[in-house]
Every structure is written in C-alpha cells, then in structure tokens.
Amino acid sequence: MRILCLLFLLLCTAASQAQVTLSNGKHVLELTGAVSTYYNHRVLKPDAVNQSRNKDRFRLRDAQIQLEGRIEDKYEYELQVDFVDLASFSTGEIDPENPGLMDAYIRYKGLGFMDIQFGYGKLFYSRSSLVPFSYTPYWQRAQIVRGNVFSRRDVGVTLMKNFWRQRVNVYAGVYTGLGEVTLRGDNDPSGQPEYAGRIDFAWPARYRYRDIDTRHSPLFMVAVGLNGRYANKVLPEGRGFPSFSTGEFGLKVINGERYVYGADLAWQYKGFSGQFEIHQLFARPHLENDALLQGISPELTERKLYAGGLVAQLNYFLKRTKTILSVRYEELDLNDLVPGRSERFSCAVAYQIKGFDSMIKFQYFSILREEVIDPLRWTEQFRIGWQVRFT
C-alpha cells in the first residue's frame, strides 16, 4: 500500500518548468517558484509504538514563490514566500529551517566600494546554511545548522564586499538577535542587537555556495570560511521573554553574553566533493538561577557553558546517470555541563530528471548516539519524494 501511495505521489507531481521575466528597460523582475513533497517512514523505539503521530506520513514541504528584481544595476531585491510554512506561522509555530517568509530584502550596489543589504533574510554565517535547499540531495539539513542552535535568518543590515574576482568574500552585519521570531514584530526588553560576520576564500576560482560538483571540475577547487557572531542581551525574566521563543533548546536567545564561532571547508574535483563544518557556542548567563545552569552541578563556580557540533559530508555525481550519491556524519552537544552528545549518520541518493529543477530525492537517517537533553522517539527514518523548481 505504501509503495502504491508513493507511486501515485510521484505521478501526480508536475515536472514542468517555466520562468517569467518582466522588464521595462530599467527594471527587470523574475518570477520563480518551487514545489516539493515527500513520504516519511520512521522506525520507532519499542516504548514509543503507541505514539504514532508523524510516524508515517506524506508531507508537502515547499510551495514557494520567489520574486527577484534589479533596477538600473544599483538595486537588487528579493521576496520569497513559502505558503506551506506561512500557514503554520498563523498558529504561532515557526520552522527555523524553512519559515513562511524566507527573504524580504533590498541590496544597494551603487556605492562601488561595497554593497549594503537591509531587510530580512539569511545571515551570512555557516556555509551549510547558505547552500540553498534545492541544491542539496537531502531533505533535511544537519542538526547544528537547522536553526535551533543559532538562527539562520534575521532582520538587520549587512555590509558585503568581494575581492580578487569573487575569490574572497567579506560580510558583516547587525541584526535584532531574535532570529526568525522577529517576524512577530516584538523585540526583547534590552533591545541589544546581534553582530555577525563571515569571510571566505576560494582557490583557484570563485566557489559558489553549492555542495555537488555537477560540472566535474577539471581543477581541484577549495573554499575555506570563518564565521562569528555575538550578542549580549538583558532579559528580566531569565532566558526568555513572553512574546518570543528562545528556540527548541533554549540557546538562540539567552539572558547574557552569547558567542558563536565556526569554520568550514569545501572542495570539489571531477565529480567528487566534500564539506566539513564545525561550530562552537559559548554562553555566559547573567543570573545564577538561569534555567541553562539549574540542576547541572552544585559545584559549578562559573556561570558559563559550551555547546556545538560538526558535520562532515562526502558526495559524488554520476554524470552519465544524472545521479547524486552522498553520505553525512554529524555530531551535536547541546550543553557541555550535561554528559553525552548526539551522533547521526545519513545517506542520500538523488536522481536528476532535469538538473536541480526536477529531482527525486531519497534520504536515510540513523541515530548512532542520542543526546540526553533531546531524547527522540525513533531510531531510523526513510524519506523519499520529488522536488520541482519553476525556473
């Protein structure tokens, strides 16, 4: 029955592509979109058999419309909306990996010596976070970059500059520090912003934010990136503030100082490619009775904690069969004061019907070790579906 349902899903998914471009000579507007849906099967733990919610289901992941425009080579703007997650936003739920409003920003390029971007969109932090979902063979990003440990999007101002034919890129910005929840229009009582920056270097040529070497690059290409972000908020009610969430693990917004820093490496050569990324979070809560510290250790002398994780991925693109093969290993430690960390293994196979515009994707998840702070009901997942972009 499940196989029949899956075949019906694949047959009913439209695989047509089209791009609409409007122009009056000075103003160019492009309209694109995407639809993706999958079937998910979970292998539950023996003690969770009766907890069948979301065990086996079909899910419409994306129903996106994207507007990109350019005005006289001085202004660029983007508005991208996902109607699936926009519907859940009205209930108070925000998926940090894929929120309803994905981009709403303007970029001014008329200064010459740098570009300025203001509005809402992805923060230039973490290479894995910056790679568009539709250009990966996976249905879900690694845990450390999904948006529960640090935000992936926010409202603010970003300064950006590239050098040496885009081999070197530098980004620095100031943001609300509330991440995706800032869409609700609230701010924390302190009003303190978050500062974030990134620099990456590529050799021997420009290296785009992509995981797969679909062109079978004849030259060995490598890119290295360094990231950092800092916030110091004062929240009178502890970690949180009634009108916004502090994230699934309580680490995205804290009452205190918060540093996040990381590094990433990417390479590709003749169809092979790989990525490695590591992040560390350091937090120093202002209050001794902060929930992040309570019940941890009576011998704790300093109000500080660390969290972080890493992800390593290896890919190969079979050009003749238009198939992507990928394996991924990831670790996540949500609090160094609590023993244990999580480890996961994933593999993915993606068949390209028409490049990344139409692709069947399969992902397998396996829990190798579980984080004590984040116990799960399942041990394995199987996810298969179809992604279609209208470009």
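The structure displayed is predicted, hence computed values, not measured ones.
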Participant: Can you check whether E68's main-chain N or O pairs, donor with acceptor, with E30's side chain at less than 3.5 Å?
Facilitator: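 Between the backbone of E68 and the side chain of E30 there is no qualifying donor-acceptor contact (under 3.5 Å).
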
Participant: Checking ring pair (Phe, Tyr, Trp, His ring centres under 6.0 Å) for the pair Y105/F118: CA distance, chi angles, key distance, verdict?
Facilitator: CA-CA 6 Å; Y105 65 79; F118 54 95; 9.3 Å; no

Participant: Are Y259 and L332 co-members of a hydrophobic cluster defined by side-chain heavy atoms under 4.5 Å apart?
Facilitator: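 In one cluster: no.
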
Participant: Would you compute the distance between atom CD1 of I212 and atom CD of Q275 and round it to the nearest 0.5 angstrom?
Facilitator: 6.5 Å

Participant: Given L305, which of L334, L337, I254 fulfils the side chain to side chain contact (heavy atoms under 4.5 Å, CB included) condition?
Facilitator: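 Among the candidates, only L337 passes.
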
Participant: Between R369 and S342, is any side-chain donor less than 3.5 angstrom from a side-chain acceptor?
Facilitator: no

Participant: Check for me whether the distance between the ring centres of W164 and W203 falls short of 6.0 Å.
Facilitator: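 That pair passes the under 6.0 Å test.
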
Participant: Answer whether the closest heavy-atom distance between the side chains of Q117 and E78 falls below 4.5 Å.
Facilitator: no

Participant: Ring centres of H279 and Y261 under 6.0 Å apart?
Facilitator: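 Centroid distance H279-Y261: not below 6.0 Å, so no.
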
Participant: Can you confirm whether R59 is buried at CZ, in the sense that more than 12 heavy atoms of other residues, nucleotides or ligands lie under 6.0 Å from that atom?
Facilitator: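 Count over threshold, so yes.
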
Participant: When you compare the side chains of N169 and D200, does any donor N or O come within less than 3.5 Å of an acceptor on the partner?
Facilitator: yes

Participant: Cation-pi check for F276 against R127: NZ or CZ below 6.0 Å from the six-membered ring centre and within 45 degrees of the axis, yes or no?
Facilitator: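 Here R127 fails the 6.0 Å and 45° test against F276.
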
Participant: Between H27 and Y77 (judged by ring centroids, cut-off 6.0 Å), do the two rings come close enough to count as a pair?
Facilitator: yes

Participant: Testing the 3.5 Å rule here: is there a donor-acceptor pair between the side chains of S273 and D213?
Facilitator: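 No, because no side-chain N or O of S273 sits under 3.5 Å from a partner of the opposite role on D213.
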
Participant: Is it possible for you to check whether R61 lies under 6.0 Å from the centre of the six-membered ring of F133, through NZ or CZ, and within 45° of that ring's axis?
Facilitator: yes

Participant: Side-chain heavy atoms under 4.5 angstrom apart, residues restricted to Ile, Leu, Val, Met, Phe, Trp, Tyr: same cluster for L123 and V253?
Facilitator: no

Participant: Can you find a side-chain donor-acceptor pair between R229 and S151 that sits under 3.5 Å?
Facilitator: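 A pair is found: one side chain offers a donor N or O, the other an acceptor, under 3.5 Å apart.
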
Participant: Kindly state whether the ring of Y38 and the ring of F58 have centres lying under 6.0 angstrom apart.
Facilitator: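 That pair fails the under 6.0 Å test.
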
Participant: Establish, from distance only, whether the side-chain atoms of E97 and Q140 form a donor-acceptor pair under 3.5 Å.
Facilitator: no

Participant: Taking NZ, NE, NH1 and NH2 as the nitrogens, is one of them in D357 or R389 under 4.0 Å from a carboxylate oxygen of the other?
Facilitator: yes

Participant: Do Y120 and L159 land in one hydrophobic cluster if side-chain heavy atoms of ILVMFWY residues count as linked below 4.5 Å?
Facilitator: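 In one cluster: yes.
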
Participant: Find the distance between CD1 (I324) and CZ (F317) and round it off to the nearest 0.5 Å.
Facilitator: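 Answer rounded to 0.5 Å: 6.0 Å.
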
Participant: Tell me whether F356 shares a hydrophobic cluster with L31, the cluster being built from Ile, Leu, Val, Met, Phe, Trp, Tyr side chains joined at under 4.5 Å.
Facilitator: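 Different clusters.
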
Participant: Hey, what's the ring geometry for F382 with Y364, parallel, tilted or perpendicular (30° and 60° as the breaks)?
Facilitator: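 Rings of F382 and Y364: tilted, as their planes differ by 30° to 60°.
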
Participant: Are side-chain N/O atoms of E277 and S128 paired as donor and acceptor at under 3.5 Å?
Facilitator: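 There is such a pair (donor and acceptor under 3.5 Å, judged by atom type) between the side chains of E277 and S128.
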
Participant: Are K109 and E76 within salt-bridge range, i.e. N to O under 4.0 Å?
Facilitator: yes

Participant: Kindly indicate whether a cation-pi arrangement holds for K45 with W378, taking the cut-offs as under 6.0 Å to the six-membered ring centre and within 45° of the axis.
Facilitator: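 Judged by the rule, K45 and W378 form no cation-pi pair.
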
Participant: Can you check whether D95's main-chain N or O pairs, donor with acceptor, with R146's side chain at less than 3.5 Å?
Facilitator: no

Participant: Is there a donor-acceptor pair closer than 3.5 Å between any side-chain N or O of K161 and the backbone N or O of V170?
Facilitator: no

Participant: Could you verify whether a donor N or O on one side chain and an acceptor N or O on the other, from D56 and N40, lie under 3.5 Å apart?
Facilitator: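 The criterion, which ignores hydrogens and geometry beyond distance, is not satisfied for N40 and D56.
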
Participant: Do the side chain of E370 and the main chain of L376 share a donor and acceptor less than 3.5 angstrom apart?
Facilitator: yes

Participant: May I have the step-by-step check of side chain to side chain contact (heavy atoms under 4.5 Å, CB included) for Q268 and Y207, ending in yes or no?
Facilitator: CA-CA 9 Å; Q268 63 181 26; Y207 202 128; 3.5 Å; yes

Participant: Given 3.5 Å as the limit, does a donor-acceptor pair link the side chain of E257 with the main chain of A231, or not?
Facilitator: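 Flag not set: sc E257 to bb A231 has no pair under 3.5 Å.
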
Participant: Which is it for R153 and E180 under the salt bridge (Lys or Arg N to Asp or Glu O under 4.0 Å) test, yes or no, and what are the steps along the way?
Facilitator: CA-CA 6 Å; R153 292 175 171 86; E180 299 79 8; 5.4 Å; no

Participant: Please assess L281 against V149 for the test side chain to side chain contact (heavy atoms under 4.5 Å, CB included), listing each intermediate value before the final yes or no.
Facilitator: CA-CA 8 Å; L281 181 149; V149 177; 4.1 Å; yes

Participant: Could you state the interatomic distance from CG (N162) to CE (M114), rounded to the nearest 0.5 Å?
Facilitator: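 It is 12.0 Å, given to the nearest 0.5 Å.
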
Participant: Mark yes or no for whether R152, through its side chain, and S129, through its backbone, hold a donor-acceptor pair below 3.5 Å.
Facilitator: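 Answer holds: yes.
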
Participant: Measure from NZ or CZ of R344 to the centre of the six-membered ring of F365, then state whether that distance is under 6.0 Å and the direction lies within 45° of the axis.
Facilitator: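 No, R344 does not lie over the aromatic ring of F365.
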
Participant: Please tell me if the side chains of L101 and L79 come closer than 4.5 Å, counting only heavy atoms from C-beta onward.
Facilitator: yes

Participant: Does atom CG of D73 have more than 12 heavy-atom neighbours, drawn from other residues, nucleotides or ligands, at distances under 6.0 Å?
Facilitator: no

Participant: Let me check something: do W139 and M359 share a hydrophobic cluster, defined by ILVMFWY side-chain heavy atoms less than 4.5 Å apart, either directly or through other members?
Facilitator: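 No, W139 does not connect to M359 through the hydrophobic network.
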
Participant: If you count every heavy atom of other residues, nucleotides or ligands that lies below 6.0 Å from K74 atom NZ, does the total exceed 12?
Facilitator: no

Participant: Please tell me whether H286 and N255 have a donor and an acceptor in their side chains that are separated by less than 3.5 angstrom.
Facilitator: no

Participant: Can a side-chain donor-acceptor contact be found between D211 and N315 if the only test is distance below 3.5 angstrom?
Facilitator: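 No.
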
Participant: For atom NZ of K122, decide whether the heavy atoms of other residues, nucleotides or ligands shown that lie under 6.0 angstrom number more than 12.
Facilitator: yes

Participant: If only side-chain N and O atoms count, and only distance matters, is there a donor-acceptor pair under 3.5 Å linking K233 with Q192?
Facilitator: no

Participant: Under 6.0 Å from the six-membered ring centre of Y171 and within 45° of its axis: does the NZ or CZ of R198 meet both?
Facilitator: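 The answer is no; the distance or angle limit is not met.
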
